[in-house]
Each structure stands twice: as C-alpha cells, then as structure tokens.
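Heads up: the structure comes next, in structure tokens.
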There are 2 protein chains.
Amino acid sequence: MKTPQKRTTIYDIAKKLNIAASSVSRALSNSSKVNPATKALILKTAAEMNYQQNVMASNLRKGSNRTIGVVVPRINQGYFSNIIAGMEDITYNKGYNLIICQSNELHAREVDCVNALINQHVNCIVISIAAEPGGHEHLQQVLDHRIRLIQFDRVVDELETFKVINDNERASSEAVSHLIQQGYQRIALLEGPQNLDIFRQRKEGYLSALRKHGLPILEELMCENAWTKELSAEATRKLLGMKNPPDAIFASTSDFSALGVLEVATQMGISVPEQLGICGYSNEPFTEITSPSITTIDQYSFSMGKTIGNLFFQEMEVADLHIEPKIMSIKPKLIVRKSTQRS
Amino acid sequence: MKTPQKRTTIYDIAKKLNIAASSVSRALSNSSKVNPATKALILKTAAEMNYQQNVMASNLRKGSNRTIGVVVPRINQGYFSNIIAGMEDITYNKGYNLIICQSNELHAREVDCVNALINQHVNCIVISIAAEPGGHEHLQQVLDHRIRLIQFDRVVDELETFKVINDNERASSEAVSHLIQQGYQRIALLEGPQNLDIFRQRKEGYLSALRKHGLPILEELMCENAWTKELSAEATRKLLGMKNPPDAIFASTSDFSALGVLEVATQMGISVPEQLGICGYSNEPFTEITSPSITTIDQYSFSMGKTIGNLFFQEMEVADLHIEPKIMSIKPKLIVRKSTQRS
DNA sequence: CTGAAAGCGCTTACAG
DNA sequence: CTGAAAGCGCTTACAG
C-alpha cells in the first residue's frame with residue numbers, strides 16, 4: 001500500500017508558473033474569464049506535467065459525481081445487457097459514468113446495492129426490481145436522499161417515480177388474440193411470479209383476449225411460476241398429459257420458457273405448430289433459429305435503454321426534485337414466426 | 001439545479017452530541033479506539049438522523065475510490081456480459097464498484113473511455129481491446145498514472161501487464177484435430193481480423209493441427225475477415241461453390257459465424273454433419289438448440305470474470321505497482337455436438 | 001483578468 | 001479513549 005510518487009495537482013502547475021491555483025483551475029475548466037495567453041501556457045504546462053484532474057476532489061466540491069447507478073437482476077441476460085448497452089450509449093456522450101450492480105433476483109442483495117449507490121452519491125439510480133418478494137423502503141430511501149430514481153420494466157407501481165415500462169398487457173393480449181385467430185382454442189398460460197407487476201399484466205392480457213373472443217377461462221390451463229426453462233418443461237409435460245390437453249401455450253415469462261415447451265413437445269412427438277402453437281416473450285436471438293422458429297414479443301430493449309438515458313438528461317438532471325414524475329410506456333411488438341402459423 | 005436541504009454530516013452528529021467530529025468518524029468507521037457506550041450512541045444518532053457517509057469526501061481523503069473500470073467492445077454480447085457478471089460477483093463482496101464502458105469496437109472511443117477512467121482515478125482498469133486497429137499509448141498512460149491494469153481475452157501482447165487469456169491456439173488445434181479424427185479432410189478456416197492476437201492464435205492452432213496430421217495447408221480454404229454471421233455466410237457460399245469444396249468449416253471467429261455457415265449449408269441442401277462438418281467458437285447458448293446442434297468451444301466466461309476479480313484482490317490491490325505481472329491462461333473446452341459427429 | 005481564502009466532508013497523525 | 005487541527009485537491013464567491 002504505497003504511493004510511489006504524487007500526481008500533479010493544480011498547485012504544482014501554479015507554483016511552476018508562479019500564478020494562483022485558482023487561475024489554473026479556471027483555465028483548465030475552460031472558464032471565459034482568463035487571459036487567452038496565460039490559458040494557453042497553463043494548458044501546455046499541464047500537458048507537459050501529465051496533469052489529470054482529480055475527479056474525486058472536483059466531485060466533492062461540486063457535490064455531484066456525474067454517475068448513474070444501475071441495479072438489475074442479472075447483467076448477463078440479453079434483455080438487461082441490451083438495456084445497459086443502450087443507456088451507456090447516451091451517458092457516454094454526456095460524460096456520465098455508469099455503475100452496474102446485479103441483485104441476482106435477491107431482495108436483500110438489491111437493498112445492499114441500492115444502499116451502496118446512495119452512499120456513492122450517484123445522481124440517479126435506475127432499477128428493475130428482483131423477483132424475490134420484499135418491501136420497497138430502500139427505494140423510498142433513494143428519494144429521501146434526494147437521488148433521482150427511474151424504475152423500468154419490473155416496477156413498484158405504487159411508488160411515485162419516473163418509470164419506463166412496456167405495455168405488457170396489450171402485447172400479451174395481442175399475442176393471445178393472434179393465437180385465437182390462428183384457430184387455437186385451448187390456450188394455456190405459463191405465468192411468472194405474480195408479485196411482479198409485469199407478470200400480472202401479462203396474465204391480465206391473456207385473460208382479456210380470451211374474454212374478448214368469448215373463450216372460456218380455464219384454471220387448469222394456467223400454470224403458476226413457470227418462469228425458467230426447466231419449470232416450463234415440467235408444466236408442459238403436465239399440460240400435454242391431460243385428457244384434454246391445450247392446443248397452444250403462451251409462455252408469457254420468457255423465450256427460455258417457450259424453448260422448454262418446444263423441447264418437450266418435440267420429445268413427445270407433438271408437431272408444432274400443427275398440434276400445438278407456442279408463443280414466447282422477449283425476442284431472444286435464438287427464437288429465430290429454433291425449428292420451428294418461435295413467435296415472440298420484442299421489447300426493444302436497446303432503444304429502451306436509450307429512452308431511459310434520454311429521460312434522465314432531458315427531464316431530470318437539472319429539474320426540481322419534486323416535479324411530477326413521467327411514465328413512459330413502450331409498446332412491444334408481436335413477431336409472428338412459424339411456431340404459431342397454422343394457416 | 002438546487003439542493004433543497006443538506007445531508008447530515010458527521011459535524012451535525014458531533015454538534016448534536018456535543019463531541020468531536022473525529023470521534024464520530026472513528027465510531028462510524030468501526031475503529032477500536034472508541035468507548036463502546038459513546039460508539040453505540042453515535043451509531044444510534046446517525047441512524048436517527050438518516051446519516052449516509054459522503055463517499056466522495058472519504059475517497060478524496062483516502063486517495064482511493066474502490067472502483068474498477070471495465071472497457072469492453074460490447075456489453076450486450078454473451079461473452080462479455082458473462083465476464084462482467086462474474087467480476088461483479090467478486091467485487092460486490094469486496095465493496096468495490098464497477099464502472100462499465102463499451103468501445104463499440106472503435107479505437108478512438110476506447111481511448112476516450114480509458115481517459116475518462118484515468119480521470120476517475122479508478123483503482124484498476126480491466127480491458128479487452130477493440131477490433132479496430134490502433135496504438136496502445138492509452139494503455140501505457142494507464143500504467144503511467146499508476147493505475148493497475150488487467151488485459152483479458154483480446155490483449156496487446158507486447159505490453160507488460162497482468163493478463164487473463166484463453167489458450168486459443170490449443171483449443172483451436174484440438175477442435176481441428178477432432179474434425180480430422182471424424183474423417184474430415186478438407187477443412188476450411190473462417191478467420192477474424194488478424195490484428196487481434198486471439199484470431200492469429202486460433203489460425204495458428206488450425207495450422208498446427210493440419211501439420212500434425214500431415215494434411216496440406218491450402219490457401220484457398222482460408223477466408224479472411226469472416227467474423228460476422230453475414231460475412232461468414234458469404235464466405236461459405238464461395239467455399240461451397242468451389243469445384244473441390246471443403247468437407248468441414250472451422251468458424252474460428254464465433255458461433256454466430258458458425259450459424260451463418262449452417263444456414264447457407266441448409267439452404268444449399270448440404271447435409272450437416274454428413275457432407276459438411278461445422279465447428280464454432282464460444283459456446284453461445286443457441287449452439288445447443290440449432291439442428292443439428294453445433295460443436296463449439298466453451299471459454300468459461302463467467303468464471304473467467306471471477307478469475308479477473310480475484311486476481312485484482314489477491315495479487316494487485318495492495319501490492320507494489322512494479323511487481324512482475326502475472327499471466328493466467330484458461331484452457332477452453334471443446335464441446336462436441338452433432339454438427340461434427342459423423343461416426 | 002487575477003489572487004487569496006474558504007470550504008466541500010471526511011480521516012488521521014498528534015497530543016493529551 | 002477523546003479533541004483540535006491539518007489536509008486530501010478542487011471550485012467559486014469575493015475583492016481588487
């Protein structure tokens with residue numbers, strides 16, 4: 001633990017040039033009130049001395065560190081990594097940094113991450129909450145510490161914050177309507193954890209489409225907590241083993257679930273889409289290359305990331321903390337592929 | 001741009017309790033030299049006053065900000081997002097933050113990112129360089145500023161830094177040997193940009209396997225710059241249109257390339273693996289579900305991320321800056337699937 | 001346009 | 001165990 005040699009500071013430059021540190025600071029921060037000649041000299045000397053601003057000191061003094069904290073369940077999931085990539089594209093151009101944390105779907109870890117970010121005095125926290133149920137005092141804390149907050153995708157509805165969400169209900173309703181139009185009559189639903197609003201909304205979309213088309217709502221066709229490939233495969237085995245099995249499955253939780261369905265159907269010799277229609281959610285890259293390719297819903301994740309970034313810079317960065325929070329809803333797009341095209 | 005209300009500082013707590021700020025600081029930092037009773041009182045009061053340490057001030061004073069900067073070509077690519085997820089797992093437990101930047105494969109942007117991180121006084125920079133050719137003065141700058149540097153995967157070989165790499169040559173050689181053992185005789189190579197060492201090494205592995213098995217090295221079977229799905233598909237069309245086409249293609253650049261090969265072969269009615277063997281690189285999730293499934297090479301990206309994190313904490317965090325850098329090589333694993341199994 | 005000074009909020013040697 | 005003081009490196013009102 002040693003510091004072999006000090007970094008150059010503005011005082012070193014000031015001393016060398018026999019001027020005040022404040023002038024050096026002004027020259028470096030490109031302030032107008034400084035003689036162009038001295039300014040040039042200062043910049044030249046700074047470069048020669050290999051000067052790099054100490055951002056920690058600058059941040060402390062200015063009370064802002066131009067940093068946005070991001071908390072997601074998992075970084076290495078197509079949807080979230082695309083969101084982050086999109087955000088980075090925006091923040092990079094604004095000279096902001098992104099600090100990334102993953103909750104691993106655990107509430108306690110999410111609380112930890114949020115506290116760490118509050119501690120860092122980030123300018124804004126962008127979060128999509130973990131699946132594990134838990135309170136949201138930690139998010140209230142963010143607001144209490146006067147840090148801006150954007151929730152996206154999986155949001156705590158009752159908390160009044162900026163939100164960037166997908167219209168899950170509408171997208172799901174469209175997907176199920178599409179299945180009905182293709183002639184499917186007994187459509188099963190694979191549900192995600194109902195403590196997350198996104199999964200409740202998707203279920204709602206499923207129900208409303210059935211109602212709209214006058215189809216019965218059958219409890220036995222709705223499977224709880226089928227939100228991994230494995231759990232979905234298990235649920236599918238049960239569904240397809242019924243006396244009166246479904247003729248379509250809407251894997252509302254993810255494409256991974258849809259893949260589980262497809263694999264089980266293939267194993268059981270059930271032909272897709274003829275005997276069984278399958279629709280997933282998220283438009284993961286692989287849905288295009290399975291056989292048959294899988295119908296799914298694209299959430300525009302990369303551009304959603306950009307939307308989040310732009311929202312911060314355009315509406316929040318310099319605005320009053322107490323402005324009415326904005327809610328932006330992005331309409332996902334149904335991508336029809338072979339797994340649901342009977343006609 | 002307003003600060004509605006000040007945050008609680010240690011001075012606020014000190015004033016309230018009529019003690020010195022230094023005692024508050026000591027109590028909060030869990031120092032031993034403080035009366036347990038006062039300490040308890042301080043902690044209680046701090047909690048009541050909603051105190052959060054100002055990390056900017058602490059960092060400035062301590063001269064370290066417990067942050068690691070990461071620069072990768074793209075965040076939203078399975079390989080890199082896994083590396084980051086693995087690193088985060090380690091840094092989270094150590095209370096370090098991760099700042100993430102993406103170069104988008106552009107050299108100038110990479111230089112920008114690195115400079116921003118130097119400015120932030122991060123403790124360490126972890127980088128995998130962009131494909132676009134360019135110098136490496138920016139990496140030398142990192143060292144000049146006494147910031148620790150770890151290169152991974154795509155490294156600048158001549159720069160003496162810590163490195164975490166895959167043994168690309170050996171893995172490629174094994175893959176090609178496997179093809180030869182399966183009876184393939186005319187094995188084509190899809191190459192990546194040769195300014196990146198990883199692609200040179202993979203080519204070297206291909207060549208050495210051919211030599212070892214006494215097979216001729218044929219220029220017409222080696223395709224430069226076939227490192228996206230589209231470029232690979234194009235190269236494949238050329239290869240398969242030859243009078244004497246290859247009977248196997250090693251897509252050394254990525255599984256996306258291998259997918260391009262598979263799609264073209266399928267379109268042309270060429271059966272895989274019977275008429276054409278295909279091997280990819282990286283073990284992207286989709287390789288398991290194509291038909292046929294694709295033989296590929298797993299790089300253990302998540303655990304590689306952990307290795308990078310551990311390397312920093314175990315060898316670099318508190319060590320002298322001028323210790324001999326360590327180079328860790330991880331042996332990737334050949335995953336044999338249907339696309340290469342003729343027997 | 002320039003300088004002297006205060007202060008951002010913390011930590012830590014120093015003295016007691 | 002506790003307090004007073006200095007200082008991390010910068011920025012910015014204030015005075016000239």
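In the text below, chain A, chain B and the rest are named by the order of the sequence lines, each starting its count at 1.
- B/Lys16 is linked by a side-chain contact (heavy atoms from CB on, under 4.5 Å) to B/Thr45, B/Met49, counting only residues two or more places apart in sequence or in another chain.
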Just list the side-chain donor-acceptor pairs under 3.5 Å for residues 63-80 of chain A, sequence neighbours left out, or say none.
from    : atom 1 : to       : atom 2 : distance (Å)
A/Ser64 : OG     : A/Arg66  : N      : 3.4
A/Ser64 : OG     : A/Asn123 : ND2    : 3.1
A/Asn65 : ND2    : A/Gln120 : O      : 2.7
A/Asn65 : ND2    : A/His121 : O      : 3.4
A/Arg66 : NH2    : A/Lys94  : O      : 2.8
A/Thr67 : OG1    : A/Asn65  : O      : 2.9
A/Asn76 : ND2    : B/Asn82  : OD1    : 2.6
A/Tyr79 : OH     : A/Asp153 : OD1    : 3.4

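- Partners of B/Gln52 by side-chain contact (heavy atoms from CB on, under 4.5 Å), not counting sequence neighbours, listed by chain and number: A/Ile118, A/Asn119, A/Gln141, A/His145, B/Arg7.
- The salt bridge (charged side-chain N to carboxylate O under 4.0 Å, His left out) test applied to B/Arg109 returns A/Glu88, A/Asp89, not counting sequence neighbours.
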For nucleotides 4-6 of chain D, list the nitrogen or oxygen atoms of the protein found under 3.5 Å from its nitrogen or oxygen atoms, one pair per line.
from  : atom 1 : to      : atom 2 : distance (Å)
D/dA4 : N6     : B/Ser22 : OG     : 3.2

Dot-bracket for DNA chain C, 5' to 3', counting Watson-Crick or G-U wobble pairs under 3.5 Å, with [ ] for crossing pairs and | for inter-strand pairs? |||.||||||||.|||
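- Pairs engaging residues 114-133 of chain A under the salt bridge (charged side-chain N to carboxylate O under 4.0 Å, His left out) rule: none recorded [sequence neighbours left out].
- For B/Glu160, the salt bridge (charged side-chain N to carboxylate O under 4.0 Å, His left out) test picks out no residue, with sequence neighbours left out.
- Near DNA chain C, meaning a heavy atom under 4.0 Å away, the residues from residues 40-51 of chain B are B/Tyr51.
- A/Thr38 has a side-chain polar atom (N or O) that falls below the 4.0 Å cut-off from OP1 or OP2 of C/dT2.
- Remark: A/His136 engages no residue in a side chain to side chain donor-acceptor pair (under 3.5 Å) (not counting sequence neighbours).
- Remark: B/Glu315 engages B/Phe162, B/Leu311, B/Lys326 in a side-chain contact (heavy atoms from CB on, under 4.5 Å) (not counting sequence neighbours).
- Residues in residues 48-58 of chain B take part in these salt bridge (charged side-chain N to carboxylate O under 4.0 Å, His left out) pairs, two or more places apart or across chains: B/Lys44-B/Glu48.
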